[in-house]
Amino acid sequence: LLDIESVEVLRGPQGTLFGRNASVGALSLHSAAPKLKDMSARVTGELGTGDRYKLDGYVNVPVGDNAAFRFAGMQQWFGGLWHNKLDGKQYGGTDDTVLRGSFRAQAGPIDWVFRADYSRMKGDGITDIELDKDSISPVALARMQAMLAGGPDTDFHDRNFNQFVTADLHDKQWGVNSTLSWDVGGGSTVRLIDSYRDWKNRQLDGDVVFSPAPVISRSGNFASKSQNHELQFISPTKAWMDGHFDMVAGLYYFSEKYNLGENFHLNSQYCNVAFFPGLPPLNVPPFSALVGPCNTFLTANGGHVENATDQDVFQKVNSYAAYAQANVYLTDKLFATVGGRQTRDKKEG
């Protein structure tokens, strides 16, 4: 939400103009465009709970009468809200950097805005996950506490948890986008919108059993490269047919390549939990006999097995759409909206 100029909340359905996923409505966030003939700047600082410190601001620099640059940025440091009783450390924090540079130029009927942005987030991604002890029997709770080195924290009313943590999160993305508007006369506008975005996310969860015992950790890798292009025609408002008609129509194309990788890693207490001898049917051979060989295998691998499972998902999508929407003003107080959209998707995975 860096340097947002305005926000529109549109009641649904909005599928004609915004695509089929906008049946309930649409939230439209407008980043501030460079202001012509305006030299201005702003800086804001914030302090918050959890050792949170934030700086953000912008500077707008005009170049002559018909062009301007705008630079915006935000830096946030957040220590986190959660205290881990197991290692005494603070968790839930992030270190965020967001930057955007924009350029705007006007030449006759042409108005062009170009933006480039970059964001980086790193931290641990930890939340306070507790065990509701009333959701299981006292016997099951006792077994869980025996299996999992005392078990997870059960107090919902504090900011403490009790977990073995290996968490790490790195998220980076950058993008460029261009909006070229051409006044074709009579108040009508032809607009071409183009964008490209690259996103990479690498995360290592804390132990997925959310307990003090190092059992299983999960890592995930996400990558997306996408582009979209849209050509619009926009009529003047209430100008056609003696003020009784206006419209917008367009063509749209979207393409994305998406990769997802997920791996699970066995930690030092995996065998003792997976084949815990006190739980039926694991308390009878051959299940109970697996604890020893499993631990021998883990010990031979340094007590940790990377990539015990490996999942790779690939998806490619191409989407094409054509749409049109018109307002028909029947009286000063009554109008009708009519429109339609045709979308064709091709997905491979």
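Residue numbers run from 1 in the order of the sequence given.
- At least one donor-acceptor pair closer than 3.5 Å links the side chain of Lys35 to the backbone N or O of Ala33.
- Side-chain N/O atoms of Gln75 and Thr97 include a donor and acceptor closer than 3.5 Å.
- For the residue pair Asn318/Ser255, the side-chain donor-acceptor check at 3.5 Å is satisfied.
- Under the 4.5 Å side-chain heavy-atom criterion for grouping Ile, Leu, Val, Met, Phe, Trp and Tyr, Phe210 is not connected to Ile126 through any hydrophobic cluster.
- Under a 3.5 Å cut-off, the side chain of His304 and the backbone N or O of Leu266 do form a donor-acceptor pair.
- In this structure, Arg20 pairs ionically with Asp345, as a charged nitrogen and a carboxylate oxygen lie closer than 4.0 Å.
- Separation of atoms CG (Asp3) and OG (Ser102) is listed at 7.5 Å; rounding is to 0.5 Å.
- Taking the six-membered ring where the residue is Trp, Trp112 and Phe114 present tilted rings, their angle falling between 30° and 60°.
- A 6.0 Å sphere centred on NZ of Lys172 holds no more than 12 heavy atoms belonging to other residues, nucleotides or ligands.
- More than 12 non-hydrogen atoms from other residues, nucleotides or ligands lie less than 6.0 angstrom from CD of Glu5.
- In this model, a donor atom of one side chain and an acceptor atom of the other lie less than 3.5 Å apart for Glu8 and His30.
- Judged by the 6.0 Å and 45° rule, Arg70 forms a cation-pi pair with Tyr58.
- For Asp153 and Asn160, the side-chain atoms include no donor-acceptor pair closer than 3.5 Å.
- More than 12 heavy atoms of other residues, nucleotides or ligands shown are found within 6.0 angstrom of CH2 on Trp174.
- The closest donor-acceptor contact from the side chain of Thr94 to the backbone of Asp96 lies at 3.5 Å or more, if one exists at all.
- For an aromatic pair to be called close, the ring centres must be under 6.0 Å apart, and Tyr329 with Trp240 fails this.
- Within 6.0 Å of CG on Asp242 lie no more than 12 heavy atoms contributed by other residues, nucleotides or ligands.
- Judged purely by atom type and a 3.5 angstrom limit, Arg100 uses its side chain to pair as donor or acceptor with the backbone of Leu2.
- A 4.5 Å side-chain heavy-atom check between Asn295 and Asn272 finds at least one atom pair inside the cut-off.
- To the nearest 0.5 Å, the span separating OG1 on Thr189 from CG on Leu180 amounts to 11.0 Å.
- Residues forming a side-chain hydrogen bond (donor to acceptor under 3.5 Å, both in side chains) with Ser188 (at least two apart in sequence, or on another chain): none.
- Contact check on Lys200 versus Asp171 returns no salt bridge, with no Lys/Arg side-chain nitrogen under 4.0 Å from an Asp/Glu carboxylate oxygen.
- Between the CG atom in Leu29 and the CD1 atom in Ile4 there is a gap of 5.0 Å [rounded to 0.5 Å].
- Using a distance-only test at 3.5 Å, with no hydrogens or angles considered, no donor-acceptor pair links the side chain of Asn263 to the main chain of Asp310.
- A salt bridge links Arg42 with Asp56: at least one charged nitrogen is closer than 4.0 Å to a carboxylate oxygen.
- Side chain to side chain, Ser217 and Asn267 meet the donor-acceptor criterion of an N or O pair below 3.5 Å.
- Between Leu298 and Val305, some side-chain heavy-atom pair lies under the 4.5 Å cut-off.
- Around the CG atom of Asp132, the shell of radius 6.0 Å holds more than 12 heavy atoms that belong to other residues, nucleotides or ligands.
- Here the straight-line distance linking atom CD of Gln325 with atom CG of Asp246 works out to 9.5 Å at 0.5 Å rounding.
- No donor-acceptor pair under 3.5 Å is formed between the side chain of Asp207 and the backbone N or O of Val165.
- The side-chain tip of Arg341 points at the ring of Tyr252 from less than 6.0 angstrom away and within 45° of straight on.
- Judged by distance alone, the side chain of Arg115 and the main-chain N or O of Ser31 form a donor-acceptor pair under 3.5 Å.
- Ring geometry for Trp199 against Tyr258 counts as parallel: the plane angle stays under 30°, on a 0 to 90° scale with 60° as the upper cut.
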Residue pair Ser178, Asp194: steps toward the side-chain hydrogen bond (donor to acceptor under 3.5 Å, both in side chains) verdict:
CA-CA 5 Å; Ser178 166; Asp194 304 286; 4.8 Å; no
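- The neighbour count for Tyr253 OH, taken as heavy atoms of other residues, nucleotides or ligands under 6.0 Å away, is above 12.
- Within a 6.0 Å radius of NZ in Lys257, no more than 12 heavy atoms belonging to other residues, nucleotides or ligands are found.
- Contact detail for Thr127 and Gln163: the closest heavy-atom pair is O-NE2, 4.3 Å.
- Between Met39 and Val61, the closest side-chain pair of non-hydrogen atoms falls below 4.5 Å.
- A donor and an acceptor atom, one from each side chain of His265 and Ser219, are located under 3.5 Å apart.
- Panel note: side chain Asp87, backbone Phe164; no donor-acceptor pair is recorded below 3.5 Å.
- Residues Asp312 and Asn259 form no side-chain contact, since every pair of their non-hydrogen atoms from C-beta on lies 4.5 Å or further apart.
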Where do Leu330 and Phe335 land on the side-chain contact (heavy atoms from CB on, under 4.5 Å) test, with the steps shown first?
CA-CA 5 Å; Leu330 305 174; Phe335 72 95; 5.8 Å; no
Pair Glu230-Asn228, side-chain hydrogen bond (donor to acceptor under 3.5 Å, both in side chains): steps then yes or no | CA-CA 7 Å; Glu230 185 167 2; Asn228 68 273; 5.3 Å; no
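- Under the 3.5 Å distance criterion, the side-chain polar atoms of Ser235 are matched with a main-chain donor or acceptor of Met247.
- More than 12 heavy atoms of other residues, nucleotides or ligands sit less than 6.0 Å from atom OH of Tyr91.
- Side chain to side chain, Gln106 and Asp111 meet the donor-acceptor criterion of an N or O pair below 3.5 Å.
- Side-chain N/O atoms of Arg197 and Gln173 include a donor and acceptor closer than 3.5 Å.
- Between Lys225 and Glu256, no side-chain nitrogen of the basic residue sits less than 4.0 Å from a carboxylate oxygen of the acidic one, so the salt-bridge criterion is not met.
- Between Asp205 and Arg218 a salt bridge is recorded (basic side-chain N to carboxylate O distance below 4.0 Å).
- The backbone N or O of Leu99 lies less than 3.5 Å from no partner atom in the side chain of Ser119, so there is not a single donor-acceptor pair.
- At a threshold of 4.5 Å between non-hydrogen side-chain atoms, the residues Asp51 and Phe78 do not count as touching.
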